[in-house]
Student: 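Pasting a structure below so you can have a look.
Just so you know, residue 1 is the first one in the sequence shown, and it goes up from there.
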Amino acid sequence: MSEVFEGYERQYCDLSANLSRKCTSASVLEGELKKQKLSDIKAGLDEADTLIRKMDLEARSFPPNIKGTLLAKLREYKTDLNNLKNETKRITSVNVNQAARDELLDSGMADAMTVSADQRGRLIMSTERLNQSTDRIKESKRTMLETEELGVSILQDLHQQRQALLQAHSALRGVDDNISRSKKILTAMSRRMNRNKYIIGSIIAALILAILVILYFKHFH
């Protein structure tokens, strides 16, 4: 296995573990501390993306038997990275939703004694829309995960089909070589048969000539 690939792999594993710890700590933070932590996480995700691309390029430079193993490991790292990205989106979404709720609640508390029933109704509708948006985000996340799993399954199927095609190609190439050898053998046999025909014909001609000579001397001498 490539030392270059292993180096990228170690860097990614360390970075992934660090990002996982940051996501855990960011989920319990608030305000500016949480924003700073999320900024650090996004920078780490960009670095992880770069490492994944480098590993992909390195893996594709190897022969098929080694490349298949490396790409299988790379799919696991891509899945891990997507999970980290989804977790970051979830934390960011919670942060945005919480800020919006806080803003609405602060506004409601400040004007609680003066707003009319109509204004309270609009506030409730806004909160409901916000909750609906949160539900849509969760549904989109679930759909994205299902799509990702389907994509991974399709890639694995394509890889298996490619291996089967390569094996079939190798078998056909072996059959072609056998046909070529058989053709050469048949050609050599045909040449020997033709040569034997000429030899037999020459022997027969010589015998006929000998018989004629014997008859000639027998009758005329």
Student: The criterion is salt bridge (Lys or Arg N to Asp or Glu O under 4.0 Å); which residues satisfy it with Lys85, sequence neighbours excluded?
Tutor: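 Salt bridge (Lys or Arg N to Asp or Glu O under 4.0 Å) check on Lys85 returns Asp49.
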
Student: Quick one: pull up CG in Leu74 and CG in Asp80 and give me the separation to the nearest 0.5 Å.
Tutor: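 Here the rounded value is 11.5 Å.
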
Student: Would you mind reporting whether Thr88 and Cys23 have side-chain heavy atoms less than 4.5 Å apart?
Tutor: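 In short, these two side chains touch, coming nearer than 4.5 Å.
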
Student: Just by distance, do the side chain of Tyr77 and the backbone of Tyr12 share a donor-acceptor pair under 3.5 Å?
Tutor: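 It does not hold such a pair.
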
Student: To the closest 0.5 Å, what do you measure between CD1 (Ile203) and CD1 (Ile208)?
Tutor: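 Taking CD1 in Ile203 and CD1 in Ile208, the distance rounds to 12.0 Å.
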
Student: Is a side-chain donor or acceptor of Asn18 paired with a backbone partner of Asp14 at a separation under 3.5 angstrom?
Tutor: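 Checked: no pair found.
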
Student: In terms of side-chain geometry, is the basic nitrogen of Lys73 or Glu76 positioned less than 4.0 Å from the acidic oxygen of its partner?
Tutor: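 Between Glu76 and Lys73 there is no salt bridge, as every charged N stays at least 4.0 Å from the carboxylate O atoms.
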
Student: To the nearest 0.5 Å, how far apart are CD1 in Ile204 and CD1 in Ile199?
Tutor: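 Reported value, rounded in 0.5 Å steps: 12.0 Å.
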
Student: Before giving the answer on side-chain contact (heavy atoms from CB on, under 4.5 Å), spell out for Asp56 and Leu71 the whole-Å C-alpha distance, their side-chain angles and the decisive distance to 0.1 Å.
Tutor: CA-CA 7 Å; Asp56 186 63; Leu71 290 178; 3.8 Å; yes

Student: Do Gln36 and Asp40 get their side chains close enough for a donor-acceptor pair, meaning under 3.5 Å?
Tutor: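 Yes - a donor-acceptor pair under 3.5 Å links their side chains.
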
Student: Using a 4.5 Å cut-off on heavy atoms from C-beta on, say whether the side chain of Glu58 contacts that of Leu70.
Tutor: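 Not touching, per the 4.5 Å side-chain cut-off.
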
Student: Can you tell me how far the NZ atom of Lys35 sits from the CG atom of Leu33, to the nearest 0.5 Å?
Tutor: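 So the gap between those two atoms works out to 11.0 Å.
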
Student: Is it true that Val4 and Met55 fall in one hydrophobic cluster, defined by side-chain heavy atoms closer than 4.5 Å?
Tutor: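 Val4 and Met55: one cluster.
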
Student: Rounded to the nearest 0.5 Å, what's the gap from CD1 on Ile52 to CG on Leu57? Could you check?
Tutor: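 Reported value, rounded in 0.5 Å steps: 11.5 Å.
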
Student: Measure the CG-CG distance between Asn82 and Leu45 for me, rounded to the nearest 0.5 Å.
Tutor: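 Asn82 atom CG to Leu45 atom CG measures 10.0 Å (nearest 0.5 Å).
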
Student: Give a yes or no on whether the backbone of Leu186 and the side-chain of Ser190 come within a donor-acceptor separation of less than 3.5 Å.
Tutor: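 Looks like no, no N/O pair under 3.5 Å.
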
Student: Measure across Leu51 and Gln11 and return the closest heavy-atom pair with its distance rounded to 0.1 Å.
Tutor: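 In terms of heavy atoms, the two residues are closest at CD2-OE1, 3.6 Å.
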
Student: Hey, any chance Ile66 and Tyr8 share a hydrophobic cluster, counting ILVMFWY side chains that come within less than 4.5 Å of each other, even indirectly?
Tutor: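 Result: yes, single cluster for both.
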
Student: With a 3.5 Å distance limit and no angle check, can you tell me whether Ser20 reaches the backbone of Ser16 through a side-chain donor-acceptor pair?
Tutor: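 Answer holds: no.
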
Student: For residues Lys37 and Ala26, report the shortest heavy-atom separation together with the two atoms involved.
Tutor: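 The answer is CG-CB, 3.5 Å.
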
Student: Using the rule given for side-chain contact (heavy atoms from CB on, under 4.5 Å), can you reason through Glu87 versus Leu19, listing the C-alpha separation, both sets of side-chain angles and the distance that settles it, and then say yes or no?
Tutor: CA-CA 10 Å; Glu87 180 64 16; Leu19 287 173; over 6 Å; no

Student: Would a single hydrophobic cluster contain both Tyr216 and Val213, if residues Ile, Leu, Val, Met, Phe, Trp and Tyr are joined by side-chain heavy-atom contacts under 4.5 Å?
Tutor: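 Result: yes, single cluster for both.
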
Student: Work out which heavy atom in Leu15 is nearest to a heavy atom in Ala48; give both atom names and the distance.
Tutor: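 Scanning both residues, the minimum pair turns out to be CD2-N, 3.5 Å.
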
Student: How close do Ser27 and Arg90 get, heavy atom to heavy atom, and via which atoms?
Tutor: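 For Ser27 versus Arg90, the nearest heavy atoms are CB-NH2, 4.5 Å.
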
